[in-house]
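Working notes for the structure below.
Values below: every heavy atom of this structure, side chains too, minus hydrogens, waters and symmetry copies. In listed order, ligands and their atoms are each counted from 1.
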Amino acid sequence: MPIPDAYLSRTRIAYLTMEIGLRAEMHCYSGGLGLLAGDLARSAAELGLPMVFVSLVSRQGYVRQTIEADGQHDSADPWRPEDWAQPLDVRVALPLSGRTVWIGAWLHELECGGGRVPVLLLDTDLPENDAQDRGLTDRLYGGDATHRLRQEAVLGIGGEHILRALDFRVEHYHLNEGHAAFLAASLLQRHPTDERRAGGVSDAAVPGRAAQRYDAAAVRAACVFTTHTPVAAGHDRFEYDALERELGQALDVPALREFGGEGTLNMTRLALNLSGYTNAVARRHVQTAREMFPGYRIDGITNGVHPSQWVHPAIASLFDALAADWRRHPETLFRADELADDALWDAHGLAKGELLEHIARTTGVTFDPALPVIGFARRMTGYKRADLLFTDLDRLLAIADAHPFQVVMAGKAHPNDGEGKALIGRIVAMSRELAGRLQLVFLPNYDISLAQRLVAGSDVWLNTPVPPLEASGTSGMKAAFNGVPSLSVMDGWWMEGCEDGITGWRIGEADGSDPEGHAASLYARLEQDVLPCYESDRGAWLRIMKQTIGRLAPQFSSHRMLRDYVSAAYLRR
Ligand SMILES: *Cc1c(COP(=O)(O)O)cnc(C)c1O
């Protein structure tokens, strides 16, 4: 099909992202980065922003996870784009590794709150392609460095070409993480300062002079960049030799040295150098990012989550009665203190009941609805410390004996992350060991629908990263929208959201220092504050639930985040 004219005539902003979490059935996402893109897209649709979203189709998904006695087993997670999207009549050619790779696109029309935005999912599984290139857009974050380089070329260069081939008139390109930075490099090719170059004369092989032929200022005027992680592995680097071999016909690679760094090309640096506006994703992360990349102007726009996407229907109907317009204007939820105790408790009980039913169905373990449920779901990787709770088993069990509680965990490890997989193995083994004294389950295949159950049905949301490595984190915000308080280390968004004893509880020092002391603090908070309050002061607990909604939902919505991007980034002067 052709792209509907209504989109072409109005769209001015293109958002490029390696992954996007649109719905559980569309496996073109892996975790937080994709969900953030998905929530921003939902806000754009609901608020009527003139945006188009571009990502990879990822036909084989990220990871399908099952949990066995020894931990994670993973495989591909295929989905059928034709079930959720329309193929567009468009093809662009990308010269890659001496071959021509044809790129097509699927159109998913994302509807939300009465509005819609187009989402383009790039696909190289086309009959005109070489067998090895047909699989380029199959597996999200799969393959080796060369594969990743090619995928990022499809996203950035292919994305820029597809938008142009479809006749979108884009004024602002938003690069969601460094993965999309080749878009800026592709734009750079379109802005030569030397008109003679159009005649085909190229002295690109002469480093130092080459860059002067491009108008980087014009590219910066168009590009916005969001950096998402202080973890080194999150910043892709490619050898210039590999770039020349793979992309030498598509890009003026020697000219990129000025922007991508000497030695190897760092995608974050490329994006920083070619974007007129850069932001980190929480105030704490701004400090970290400025330390990582001194000399760059880095602003802060704190992440947010989409209101109606994450609020359980039972809680949503209470909100409807409280503030009819909360879906579009979640600021109105500041009145959450007016919610009736019984109604809120019952609505939460419904969400909790559904979670417990899911737990029983998938694991055979029965949780007691009268006891508190602590929820923890994260990508299973070292710095998130999923095992912090188990640091001192004697201490943990003594607390559980005095104040019984239950723990539900979930999360995928990247297939190549041995440490992450071992962590899951240890937690699963622990759940057997502790049975009878502390109920602990690990639910398989953390995805959008499981996240919705967990953030609404848990009683407390646990978060234990090593500061400052959690740039923002968003699942705690989703929990907050459901009145589920966080018990969290001070890092990322929680530095802004935590009012201790009011919107939840902090673990450790207020500045996030002394991570070694976090386990002891976690035990103390559970024993002295969280569990006794749940057990014996229903009124105080409900007050915390309401404060969690009333003080956090207004600030941490993706509508607020999107409006911040509009005023600070898209419409900047
Ligand atoms: C929200 C979400 C995440 C990100 O949560 P964090 O708090 O940033 O770790 C990851 N995966 C899924 C399925 C989610 O819904």
Side-chain angles (χ1 to χ4, degrees), residues 17-42 61-65 77 140-141 176-177 226 228-231 234 280-282 284-285 302-312 355 358 375-386 388 408-414 420 423 443-458 460-482 484 486-489 491-498 504 552 556-558 561:
T17 178
M18 192 79 154
E19 53 168 305
I20 185 161
L22 298 166
R23 51 189 307 140
E25 300 91 335
M26 298 174 72
H27 301 173
C28 47
Y29 72 98
S30 109
L33 187 72
L35 265 301
L36 188 83
D39 279 0
L40 194 82
R42 279 179 273 275
Y62 170 59
V63 163
R64 170 145 210 94
Q65 180 200 54
D77 194 17
L140 179 59
Y141 304 132
N176 189 38
E177 194 49 292
T226 302
H228 286 271
T229 178
V231 179
V281 293
R284 177 74 184 88
H285 182 222
T302 301
N303 282 343
V305 298
H306 186 264
S308 51
Q309 168 76 8
W310 299 106
V311 173
H312 187 278
L355 173 61
H358 180 82
F376 180 104
R378 312 264 139 188
R379 186 157 52 86
M380 286 291 149
T381 193
Y383 80 86
K384 306 229 187 200
R385 292 194 296 188
L388 188 77
V408 55
M409 301 187 115
K412 296 174 180 174
H414 187 278
L423 186 60
L443 296 178
N445 213 45
Y446 184 41
D447 69 355
I448 294 180
S449 60
L450 181 53
Q452 285 170 325
R453 291 178 202 278
L454 285 166
V455 298
S458 299
V460 179
W461 195 248
L462 181 66
N463 181 40
T464 54
V466 180
L469 297 180
E470 190 68 89
S472 166
T474 51
S475 56
M477 303 174 188
K478 300 168 191 170
F481 263 90
N482 285 287
V484 174
S486 282
L487 169 61
S488 170
V489 155
D491 198 13
W493 83 283
W494 193 235
M495 306 262 317
E496 294 157 58
C498 176
L552 300 181
F556 297 102
S557 81
S558 54
M561 169 174 67

Considering non-hydrogen atoms of the protein only, which is the closest contact for [atom], and what is the distance?
atom	value
atom 11 (N) of ligand 1	Tyr446 CE2, 3.4 Å
atom 8 (O) of ligand 1	Thr474 N, 3.1 Å
atom 7 (O) of ligand 1	Ser475 OG, 2.5 Å

I need the contact type for [X] against ligand 1. Using non-hydrogen atoms and a strict under-4.0 Å cut-off, is it side chain, backbone, both or neither?
X	answer
Lys478	side chain
Asp447	backbone
Leu35	side chain
Ala451	side chain
Lys384	side chain
Trp310	side chain

| request: Only heavy atoms count here, so choose which of Gly32, Ser472, Ser449 is nearest to atom 10 (C) of ligand 1. | output: Gly32

| field | Passing option when Met477 is tested against Ser558, Ser486, Ser472 for side chain to side chain contact (heavy atoms under 4.5 Å, CB included) | value |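 Testing Met477 for a side chain to side chain contact (heavy atoms under 4.5 Å, CB included) against Ser558, Ser486, Ser472 leaves exactly one candidate, Ser472.
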
| query | Is a donor on one side and an acceptor on the other found under 3.5 Å between the side chain of Thr17 and the backbone of Asn176? | reply | no

| request: Give a yes or no on whether the backbone of Arg64 and the side-chain of Asn445 come within a donor-acceptor separation of less than 3.5 Å. | output: no

Could you tell me whether the side chain of [Y] reaches within less than 4.5 Å of the side chain of [X], counting heavy atoms only?
X	Y	value
Leu35	Thr474	no
Met380	Tyr446	no
Val281	Trp493	no
Asn463	Val489	no

| request: Considering non-hydrogen atoms only, spot the tightest contact between Pro230 and Pro468 and give its length. | output: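 Closest approach of Pro230 to Pro468, heavy atoms only: CG-O, 3.3 Å.
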
| task | Report, in ascending order of atom number, the atoms of ligand 1 lying under 4.0 Å from any heavy atom of Gly473. | result |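 Selected atoms, number and element: 7 (O), 8 (O).
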
